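See below for the structure under consideration.
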2 protein chains.
Amino acid sequence: MGRQPSAKPTSFDIAYLAGVSQPTVSRALRGSKSVSAATRANIERIARELNYTVDKNASSLRSQRTHTLALLFFEDPTPDESMINPFFLSMLGSITRECALRGYDLLISFQQMHNDWHVAYQDSHRSDGIILLGYGDYQLYLTKLEHLVEMGTKFVRWGSVSDDGIGLTVGSDNVGAGEQAGAHLIAIGRRRIAFLGDASDHAPEFQDRYTGLCRAMRQADVEPDPALQRDAVSSEDSGYAAAKSLLASGKPFDAIFAASDLIAIGAMRALAEAGLRLPQDVAIIGFDDIPSASLTSPTLTTVMQDMKGAGTLLVDALLARIDDRPVERTMLPARLIKRQSTAV
Amino acid sequence: MGRQPSAKPTSFDIAYLAGVSQPTVSRALRGSKSVSAATRANIERIARELNYTVDKNASSLRSQRTHTLALLFFEDPTPDESMINPFFLSMLGSITRECALRGYDLLISFQQMHNDWHVAYQDSHRSDGIILLGYGDYQLYLTKLEHLVEMGTKFVRWGSVSDDGIGLTVGSDNVGAGEQAGAHLIAIGRRRIAFLGDASDHAPEFQDRYTGLCRAMRQADVEPDPALQRDAVSSEDSGYAAAKSLLASGKPFDAIFAASDLIAIGAMRALAEAGLRLPQDVAIIGFDDIPSASLTSPTLTTVMQDMKGAGTLLVDALLARIDDRPVERTMLPARLIKRQSTAV
DNA sequence: GGCCATAGGGTATACGTATACGCATATTAT
DNA sequence: ATAATATGCGTATACGTATACCCTATGGCC
């Protein structure tokens, strides 16, 4: 209780107590091999007794390495905050864990795409590298990414691995996942398969999923019908609208592959309102396996991404980049979770 | 493209270009009043042209202020990672936003309660203060909190405002919310109301909610039956088990107030399996308003906490504490969202 | 005209660590 | 035995900023 304020101990204090010089303390604690085992042990003991911790600021200033990563998450500038991509949280969990494991701190910041995030973190020596997550204006995104590359900033981003590839990208095997989904729908006898989700190059991940779907269909000698594709962003409302539009067109369809679970959930609402039975009249598959997917009725068949692996891979790739080690681009496998919405 | 690597500009570079000394640059950029308007404008212009940003490490080292907050989130050591409290994400959003607004960075870290998190952040000068979020072994928690207080560490925590109050606590009006829930159940004619959630002082928030429920019941001259209370942690499985135990007891009940939505969802599963009709046989209310709450069937009546307000308040309170400004403890109002599970 | 207050900004230095370099002593090679 | 390493550590200094202190010029006031 009545403990003295005890000014934070410095490496000088330890040096004094150990009868050595301050640099020796630094060397000992950082694991330099040019300090004897006995001296090191003694220094470590004293450090522990004093509850000494290296001053992060001084250390970073001198070494020019912060041992901190920054995670920038881009949110759509919508009023509805719950639209945050639901699997983000799991990824955040594995990213923080991986960072902790490697001795790195994690700075986090939610950003709007139009802000000047691309200058703030590297120049001010807050972090050694940046992880980019989320969506937004894709063209603006690419512009700023180019700027990062120019400045020599180290970064990784989550996204479509098969895109033009500015910088280093880590992502799921969206094409393969789309293919799995398509093959499953074909296997249960569906031929007129609709796709809900932006198929343009403004949303490379959605585009990849559509590509996979088409590939699976063609493999079964079914030609995808462009009239059965509707643009949608990842939200219930957008999915609802897209399905409405599809229904209004009068074009018959017996299955939907939605680019995200939120889109799928919105679409299910529209289908139910139209009096269609799921999955008898229309089978439906989502993407992400958000918690709600197992609560819809019928429960939603969907694609589960490897979020733990994603966090680990993002951090590993970024650290490799920071250390100028070579890093091969990797795609994470995704798995189809079959539930009632495709159970015939 | 072929831009020179251009070493990061320092305040000396600016000083040279502006024809002043380095300290003047520092003063100008930090808004000191002892620098003329003309000089300041000139310095700011040059700084902008050079894309200058203050080196965070040097600044923090010298001023002993990091302008960074640390967010420590305690997760239950369960294998299931999705158990992370669902409203955490919204709170995270508002916390980061509030930090950005105040010019603070946010460090985030997921912790197990048993780790030595209580020494790592303050001593190493990573952050000016700590926000504590989440659950875990409550007794261990209190011990470590006392340690923080002893060391003079600035922190705020999210939790029960009415508890013993080690340090500064910000939280919802859990008692009031429980009272609302109870009053609503009474209003629809229910008298035998069960409570699922730990009612001991190991989980003060849940305890508060139970207290509120009891208060509302007594107000209506209904004596709460302790036999209708079951301990549960915030998970579907736990809720399922608790409801099962309740059913097995044979004690009749016509309503359930669950301490969280996850508990409620698990309980609904158990009730459905028992062939009970919701809400005719048993009305049910949850807590948190997670996205899934509107997808259950029947949709779940629940309590919505003010998560945006929570983030703002946590940050504000912590900053006040850091600046040694007085800070009054505040409770955030919570709102009952009425859905089908209590619609008779 | 002498005095003081004030504005504006320079000088010197501290924050705590990490690293280049040098210098002994101990070890091995020849 | 002597030169060539290697080992273990001290000395000096740099990282980039913020602040205490000091100095000059100007203006107002009596």
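Every chain is numbered from 1, with letters handed out A, B, ... down the list of sequences. Given the structure is predicted, the values throughout are model-derived calculations rather than measurements. Values below: all heavy atoms of this structure, side chains included; hydrogens, waters and symmetry mates excluded.
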Please determine, for the side chain of [X], which listed nucleotide ([options]) has the closest atom?
{"X": "Ser21(A)", "options": "dT19(D), dT17(D), dG10(D)", "result": "dG10(D)"}
{"X": "Asp55(B)", "options": "dG10(D), dG16(D), dT19(D)", "result": "dG16(D)"}
{"X": "Ala58(B)", "options": "dG16(C), dT19(D), dG16(D)", "result": "dG16(D)"}
{"X": "Pro23(A)", "options": "dT11(D), dC9(D), dG16(C)", "result": "dT11(D)"}
{"X": "Phe12(B)", "options": "dT17(D), dG10(D), dA18(C)", "result": "dT17(D)"}

Length of the [atom1]-[atom2] vector between [X] and [N], whole Å:
{"X": "Lys56(A)", "N": "dT17(C)", "atom1": "NZ", "atom2": "C1'", "value": "13 Å"}
{"X": "Lys8(B)", "N": "dC15(D)", "atom1": "NZ", "atom2": "C1'", "value": "10 Å"}
{"X": "Arg126(B)", "N": "dG16(C)", "atom1": "CZ", "atom2": "C1'", "value": "15 Å"}
{"X": "Leu50(A)", "N": "dG16(C)", "atom1": "CG", "atom2": "P", "value": "15 Å"}
{"X": "Leu61(B)", "N": "dA18(D)", "atom1": "CG", "atom2": "C1'", "value": "10 Å"}
{"X": "Gln64(B)", "N": "dT17(C)", "atom1": "CD", "atom2": "P", "value": "10 Å"}
{"X": "Arg65(A)", "N": "dT17(C)", "atom1": "CZ", "atom2": "P", "value": "19 Å"}
{"X": "Ile14(B)", "N": "dT17(D)", "atom1": "CD1", "atom2": "P", "value": "8 Å"}

Looking at [X], I'd like to know whether one of its side-chain N or O atoms comes within less than 4.0 Å of OP1 or OP2 on [N].
{"X": "Tyr52(B)", "N": "dT17(D)", "answer": "yes"}
{"X": "Ser11(A)", "N": "dG16(C)", "answer": "no"}
{"X": "Thr24(A)", "N": "dG10(D)", "answer": "yes"}

Basic-acidic side-chain contact under 4.0 Å: [X], [Y]:
{"X": "Lys154(B)", "Y": "Asp128(B)", "value": "no"}
{"X": "Arg65(B)", "Y": "Asp323(B)", "value": "yes"}
{"X": "Glu44(A)", "Y": "Arg40(A)", "value": "no"}

- Task: Return each pair, listed once, that meets ring pair (Phe, Tyr, Trp, His ring centres under 6.0 Å) where at least one residue sits in residues 35-68 of chain A; pairs must be two or more places apart or across chains.
- Result: His67(A)-Tyr104(A)
Do side-chain atoms of [X] reach the backbone of [Y] as a donor and acceptor pair under 3.5 angstrom?
{"X": "Ser63(A)", "Y": "Ser59(A)", "answer": "yes"}
{"X": "Thr330(B)", "Y": "Glu328(B)", "answer": "yes"}
{"X": "Ser60(A)", "Y": "Lys56(A)", "answer": "yes"}

- Query: To the nearest 0.5 Å, how far apart are CD1 in Ile108(B) and CG in Leu69(B)?
  - Reply: 12.5 Å
- Message: Among residues 29-47 of chain B, which ones have heavy-atom contacts with DNA chain D below 4.0 Å?
- Response: Arg30(B)
- Query: Base, sugar-phosphate, or nothing: which does Gln22(B) touch, judged by heavy atoms less than 4.0 Å apart?
  - Reply: base
- Looking only at N and O atoms, is any donor in the side chain of Arg62(A) or the base of dG16(D) less than 3.5 Å from an acceptor on the other one? no
- Query: Do Ser160(A) and Glu205(A) meet the criterion of a side-chain donor-acceptor pair at a distance under 3.5 Å?
  - Reply: no
- Message: If you assign each of Val20(B) and Thr10(A) to its closest nucleotide in DNA chain C, which residue comes earlier from the 5' end?
- Response: Val20(B)
- Note on the structure: Residue pair Ser59(A)/Gly19(B) against DNA chain C: nearer the 5' end by closest nucleotide is Gly19(B)
- Query: How far does the helix from dG1(C)-dC30(D) to dT30(C)-dA1(D) bend, going by the axes of its first and last five pairs, to the nearest 10°?
  - Reply: 30°
- Message: Less than 6.0 angstrom separating the ring centers of Phe74(B) and Phe110(B), yes or no?
- Response: no
